[in-house]
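The structure under discussion appears below in the form of structure tokens.
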Amino acid sequence: MYVSRMFLPTQREVPSEAEIASHQLMLRAGLMRKVASGIYAFLPLGYRAFRKVERIVREEMDRAGAQELIMPAVLPAETYMESGRWSVFGPEMFRLKDRGGREFCLGPTHEEPFTETVRNEIHSYRGLPLTLYQIQHKYRDEKRPRFGVMRSREFVMKDAYSFDRDEAGLDVSYQAMYRAYRRVFDRCSLDYIVVDADSGAMGGSGSQEFMVKSDVGEAVVAFCDACGYAANDEKATAVPAPEAKTGVLLPAERVATPNVKTVEDLMKFFGTTSKKFAKTLVYRTDDGRLVAAMVRGDRELNETKFHNLVGATELELASPEDVERVTGAAVGFAGPVGLKERIELYADLEVAEMENFVVGANDTDQHLKNVNVGRDFVPTKVADLRTVEAGDACPVCGRPLGQCRGIEVGHIFKLGTKYSKILHCNYLDEAGAENAMVMGCYGIGVNRTLAAVIEQHHDANGIVWPLAVAPYHVTVVPVMASDAAQMAMAKDIHYRLEEAGIDVLLDDRDERPGVKFKDADLLGIPLRVTVGRKYADGIVEYKERTAEKPTEMTPGEAVDKAVAAVREALRA
RNA sequence: CGAGGUGUGGCUCAGUCCGGUAGAGCACCUGGUUUGGGACCAGGACGUCGCACGUUCGAAUCGUGUCACCUCGACCA
């Protein structure tokens, strides 16, 4: 491809709307342009890279035995009404009506149409197992799209769905996907970890996320270097770390604490550590229940865990009015003892281990000290409710946990029979008995994966594509476009590479060399062959994007070296 | 959805407080000189200053409304 003919709008300046490296570089290198908030057009160079990722995904899905199909992006409301998700998705779903007033949506995820299709066509165990997938645009009207394609409202997802006779079959299908995912992200040269994830509202028996390590990731993961435990912080647990006990229960006592509301205020007032307090937080569920959660003063409540425990669809902090009604006190003085209304009260594991601690008295400007679980109050249930922190003890081996941020590029999920039961996706076994199919679902965010690659592979000058996803493998740069002999040699190298099946650019523009080198670096083309000052002696320069300096060699050697490097890198 | 911010040529931004002929750099076009890490000189084109209404002799600038975009938070099978 001749650069002079390409639609490749690069920008010298950093676009003001882009915050993170991948977003800035995707705009600067002319990979994409924004059409609306969270909606992007891929330009030729970006689309090439996108298709490289897509191809890797497709190859690995096919290798794992999954079969590709394509569902419509526009789906009728009925498809999601049967499962109940027409209402569950709420405003996040892009909805539209046809001319007859019938309701449709742009598919946010496709469990329903896949399940429906399989239900309609497969009725026997003979048709199982089956894994189907598509690479499709998905639509979610995110409250806050950000970071370019990292969190967008239209995005491309590879979503696969497996259908098995039983749990054992699901395990096999799931493992096949797990291995395929590892291969996909390995081939993309991503540094990632696989973490246990919350399977909460989706039900099901297990779920793992593929997290690309990155400071700009929106997810927080806890991991243990010693034993390999790793989990999304929504799910991560740690060994409780109770304070030493004296075994002497002191009598509970009311203390006037005017304007002492926060844990920090309390520490000052009582002159002790936050580990001697317990916070009581009141939440409201979507069905109108008020529920309370207690965690130790130095801990954070993990809303996901609480959410799952309470069994609500929606959960949010109760309004001040609700809190005042339940506690009979201003916000900040809630406690487990003497609540005005009987509400469910859940205590974290560590709260259950506390002794002679301080809680709100359910009376404005009053706290209770020397409170003890069992004697002064009995929680509805004691459970793990806190968010883990770096340094907490690993739940598997007890060593300190580390924490890092991650970009979720893939998610694999054992759905079980959640959808097959609701949607009556059944099969007859050998004995003629009807059973619900056991399902799994597996997603990869294709454009997010592309952004993650850039996030992990760039430097001050631009993108540094791994060969496997580079839009072009090699760029041939004649230093003086006006020198016909030089240009002829560059064209010859370009031709020979192209003939060898290499994706190659020829920067034939009549620009100063500095401009071409800067652009080559910005675009991140992994290999560069420069035809310059020594071309008359039959010498060109070969340089890897990451190398400090070029190496001199003959054009033939440069071609051979580039071809070998590309073939080596693409050997899947 | 809550809070904050920004909308001026393709890009980055100044001008707005204090109303008076719309600016700079980069990019673009023409000619010339250049040519190993984003050249230089000369000339040129490109704007209803997000939109609407209002105040005023006069609005990029003041007021009201509205839209878009960005950041933080909340939310996110």
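In what follows, chains are A, B, ... by sequence order, proteins preceding strands, each numbered from 1.
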- Under a 3.5 Å cut-off for both distances, is B/G20 Watson-Crick or wobble paired, and to whom?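 B/C57 - that is the nucleotide pairing with B/G20, both distances being under 3.5 Å.
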
- Task: Using Watson-Crick or G-U wobble geometry with both distances below 3.5 Å, tell me the partner of B/A39, or none.
- Result: B/U33

- Residues touching RNA chain B, which here means a heavy atom under 4.0 Å, drawn from residues 16-26 of chain A: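 A/S16, A/E17, A/E19, in order of number.
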
- Message: Taking any heavy-atom pair under 4.0 Å as a contact, classify A/V88: base, sugar-phosphate, or nothing.
- Response: nothing

- Item | Any donor-acceptor N/O pair under 3.5 Å between B/G25 base and A/E13 side chain | yes

- Closest of B/C69, B/A77, B/A74 to the A/E111 side chain is B/A77

- Below 4.0 Å: OP1/OP2 of B/C1 and any side-chain N or O of A/R144: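 For A/R144, the contact criterion (side-chain N or O under 4.0 Å from OP1 or OP2 of B/C1) is not met.
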
- Without hydrogens or angle criteria, can the side chains of A/D141 and A/Y139 be said to hold a donor-acceptor pair below 3.5 Å? no

- Query: Can you find a side-chain donor-acceptor pair between A/E112 and A/S83 that sits under 3.5 Å?
  - Reply: yes

- Message: What verdict does the side chain to side chain donor-acceptor pair (under 3.5 Å) test give for A/R119 and A/Y419, after you've listed the backbone C-alpha separation in whole Å, the side-chain angles of each residue and the deciding distance to 0.1 Å?
- Response: CA-CA 11 Å; A/R119 166 187 72 190; A/Y419 288 94; over 6 Å; no

Show me the protein contacts with nucleotides 37-42 of chain B, counting only N or O atoms at under 3.5 Å.
unit_1: B/G37; atom_1: O6; unit_2: A/R528; atom_2: NH1; d: 2.9
unit_1: B/G37; atom_1: O6; unit_2: A/R528; atom_2: NH2; d: 3.2
unit_1: B/G37; atom_1: N1; unit_2: A/D521; atom_2: OD2; d: 2.9
unit_1: B/G37; atom_1: N2; unit_2: A/F517; atom_2: O; d: 3.4
unit_1: B/G37; atom_1: N2; unit_2: A/D521; atom_2: OD2; d: 2.3
unit_1: B/G38; atom_1: O2'; unit_2: A/R12; atom_2: NH1; d: 2.6
unit_1: B/G38; atom_1: O2'; unit_2: A/R12; atom_2: NH2; d: 3.2
unit_1: B/G38; atom_1: N1; unit_2: A/D519; atom_2: OD1; d: 3.0
unit_1: B/G38; atom_1: N2; unit_2: A/D519; atom_2: OD1; d: 3.2
unit_1: B/G38; atom_1: N2; unit_2: A/D519; atom_2: OD2; d: 3.2
unit_1: B/A39; atom_1: O4'; unit_2: A/R512; atom_2: NE; d: 3.4

Nucleotide N/O of nucleotides 3-9 of chain B paired with protein N/O under 3.5 Å:
none

